[in-house]
Amino acid sequence: GAAFVPVDPNYPALRRQQMLAGTALGIGTGDQDGTLWLQESEAQSHSDAPVTDADRIGVLLPEHPAYVIHTSGSTGKPKAVSITHRGLAGLAAAVVEKYSITSTSRVLQLASPVFDASIQEILAAVTTGATLVVAPADVYAGPALAELLAAERITHLITSPTVLATLEPRDLAGVEVFDVGGEACPPDLRDRFAGGAPTSRMLNAYGPTETTVLATLSDPMTPGEPVTIGSALPGVRAVVLDTRLRVVPAGGIGELYLGG
């Protein structure tokens, strides 16, 4: 029933210390940063039988935290964002439907575990019994990524415009659905890839970390059309408000507010 906190051991010591502040237990290969670490060998010595209610110290609710992801925030200091189990259930259902994932799909886990896009990748696979292919740490873009997509017969790719720009449309020949998120998608990039492999569908994803990875998702994009962030996922409310928090008319300019 605890929340997990992913930490990259390659981060500078100060950032690791900031991210680990308040954590109770770590699972890793050594004692570091003042956290009590459970050694991998010790973890393997425990029973692998299913956890039962008798093993838990309290009642678990959908509102309890599932994980804590750190963002840079506006100050450069890691900002801890707590996400509940309730949010994960909605995300999993939406991703499986919108990305057309089945038990025969092969989803690439390209994002580092310290970024919440990895949660989307994992849920997409385990919710449907699909195959999750974990990319090697040194494969993240360019020819190496193209080779991995082909060798592992990847059908679903979750990435960013910056990474996608290092590939060629032909590199996605076997990919059925792919998205871009994390930053604005340039129209020329969309035109280049949305009209690429005839069997591929390109989606544009948007969502702050606080909204459980995704908040909105576009329909499959086509060349020449406006690039939009699509519509709100089920369970999410998205409205554009003016400076007095009034809903702006269609086409009006304001700020995007998310709820749900």
Side-chain angles (χ1 to χ4, degrees), residues 69 71-72 74 81 91 94-101 105 107-112 114-124 135 139-146 148-149 154-234 236-240 248 250-258 260:
I69 288 282
T71 70
S72 296
S74 59
V81 177
L91 173 68
V95 168
V96 168
E97 176 187 355
K98 299 291 186 180
Y99 291 68
S100 302
I101 299 172
S105 299
V107 182
L108 181 62
Q109 185 180 352
L110 185 61
S112 164
V114 300
F115 296 115
D116 61 355
S118 65
I119 304 295
Q120 179 184 350
E121 295 165 334
I122 294 170
L123 286 178
V139 175
Y140 47 84
L145 176 56
L148 182 66
L149 293 174
I154 299 300
T155 62
H156 291 77
L157 173 66
I158 295 167
T159 185
S160 68
T162 298
V163 172
L164 186 64
T166 68
L167 300 173
E168 296 295 336
R170 63 175 179 272
D171 298 331
L172 305 181
V175 176
E176 299 171 6
V177 180
F178 63 100
D179 78 7
V180 287
E183 57 188 2
C185 178
D188 58 342
L189 183 71
R190 185 278 319 277
D191 291 346
R192 180 179 159 203
F193 280 90
T199 58
S200 294
R201 287 184 289 150
M202 180 181 183
L203 309 177
N204 193 29
Y206 167 78
T209 299
E210 292 83 352
T211 62
T212 315
V213 189
L214 289 184
T216 71
L217 189 67
S218 76
D219 291 329
M221 296 193 287
T222 57
E225 296 293 326
V227 175
T228 77
I229 61 172
S231 56
L233 296 183
V236 177
R237 297 191 304 276
V239 293
V240 179
V248 302
I253 297 175
E255 290 190 325
L256 176 62
Y257 282 71
L258 299 171

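Because the structure is predicted, anything quoted here is derived from the model rather than measured.
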Looking only at heavy atoms, which two atoms of F193 and E168 are closest? And how far apart?
CE2-C, 3.6 Å
Option from V227, N204, V180 for which side chain to side chain contact (heavy atoms under 4.5 Å, CB included) with R190 holds:
V227
Check for a donor-acceptor pair, side chain of E183 on one end and backbone N or O of S160 on the other, with a separation under 3.5 Å.
no
Answer whether the closest heavy-atom distance between the side chains of L123 and V213 falls below 4.5 Å.
no
What closest approach, in Å, do P223 and D191 show between heavy atoms, and which atom pair accounts for it?
CA-OD1, 3.3 Å
If you apply the rule side chain to side chain contact (heavy atoms under 4.5 Å, CB included), what do you find for L108 with L145, and how did you get there?
CA-CA 10 Å; L108 181 62; L145 176 56; 3.8 Å; yes
Please report the shortest heavy-atom distance between A184 and P161, naming the atom on each side.
O-CG, 3.6 Å
List for me each residue that meets side-chain contact (heavy atoms from CB on, under 4.5 Å) alongside Y140, sequence neighbours excluded, and say none if there are none.
none
Nearest 0.5 Å please: distance from the CG atom of L157 over to the CE atom of M202.
10.5 Å
Without swapping roles, check the side chain of D179 against the backbone of T159 for a donor-acceptor pair under 3.5 Å.
yes
Heavy-atom nearest pair, T211 first then A215, reads OG1-CB, 3.8 Å
Please assess L214 against L91 for the test side chain to side chain contact (heavy atoms under 4.5 Å, CB included), listing each intermediate value before the final yes or no.
CA-CA 7 Å; L214 289 184; L91 173 68; 4.0 Å; yes
Within residues 216-233 or reaching into it, pairs that qualify as side chain to side chain donor-acceptor pair (under 3.5 Å) - sequence neighbours excluded
none
Using side-chain heavy atoms (C-beta onward) and a distance below 4.5 Å, is L167 in contact with L149?
yes
Closest non-hydrogen atom pair, L110 against E121
N-OE2, 3.0 Å
To the nearest 0.5 angstrom, please state how far the CG atom of L217 sits from the NZ atom of K98.
7.0 Å
Please examine the side chains of E176 and H156, heavy atoms only from C-beta on, and report whether any two atoms are closer than 4.5 Å.
yes
From CA spacing to verdict: side chain to side chain contact (heavy atoms under 4.5 Å, CB included), V177, L203
CA-CA 8 Å; V177 180; L203 309 177; 3.8 Å; yes
Identified side chain to side chain contact (heavy atoms under 4.5 Å, CB included) counterpart of D116 within the set T209, T212, V81:
T209
Can you name the closest pair of heavy atoms from V248 and G254 and give their distance?
CG1-CA, 4.4 Å
Can you tell if the side chain of L164 reaches within under 4.5 Å of the side chain of L172, non-hydrogen atoms only?
yes
Is there a donor-acceptor pair closer than 3.5 Å between any side-chain N or O of T155 and the backbone N or O of S105?
no
